[in-house]
Amino acid sequence: MEKYICTVCGYIYDPADGDTDNGVDAGTKFEDIPEDWVCPLCGVPKSDFEKVEE
């Protein structure tokens, strides 16, 4: 699954890990995260994330 990076602080959302502290289960694809989810480190919206090119 593809990882996404916060363009503000560099946090990387990894679907394998999810964001369980904020209600996103491991295995959740980025596009399936609710639109009101925000970066757990800096609080910017999901729209400020970009796909990590590997």
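The structure displayed is predicted, hence computed values, not measured ones.
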Distance, nearest 0.5 Å, that separates CD of Glu50 from OG1 of Thr7 = 5.5 Å
Side-chain donor-acceptor pair present, Trp37, Asn22, cut-off under 3.5 Å = no
Can you measure from OG1 (Thr28) to CG (Asp14) and round to the nearest 0.5 angstrom?
-> 11.5 Å
Say you draw a straight line from SG of Cys6 to CG of Leu41; how long is it, rounded to the nearest 0.5 Å?
-> 7.5 Å
Starting at OH of Tyr4, measure out to CZ of Phe30 and round the result to the nearest 0.5 Å.
-> 6.5 Å
Heavy-atom closest contact (Cys39 atom, Cys9 atom, distance) | SG-SG, 3.7 Å
Do Tyr11 and Pro40 come within less than 4.5 Å of each other through their side chains, counting heavy atoms only?
-> yes
Which atom of Ala26 lies closest to which atom of Thr20, heavy atoms considered | N-CG2, 4.2 Å
Just how far is it from atom CD of Glu31 to atom NZ of Lys46, taken to the nearest 0.5 Å?
-> 7.5 Å
Is there a path from Val44 to Ile33 through hydrophobic residues (I, L, V, M, F, W, Y) whose side chains come within less than 4.5 Å of each other?
-> no
Candidate pair Ile5 and Tyr13, rule side-chain contact (heavy atoms from CB on, under 4.5 Å), full reasoning = CA-CA 6 Å; Ile5 188 166; Tyr13 175 77; over 6 Å; no
Heavy atoms from other residues, nucleotides or ligands near NZ of Lys3 exceed 12 (cutoff 6.0 Å) | no
d(Asp25 CG, Asp19 CG) to nearest 0.5 Å is 10.5 Å
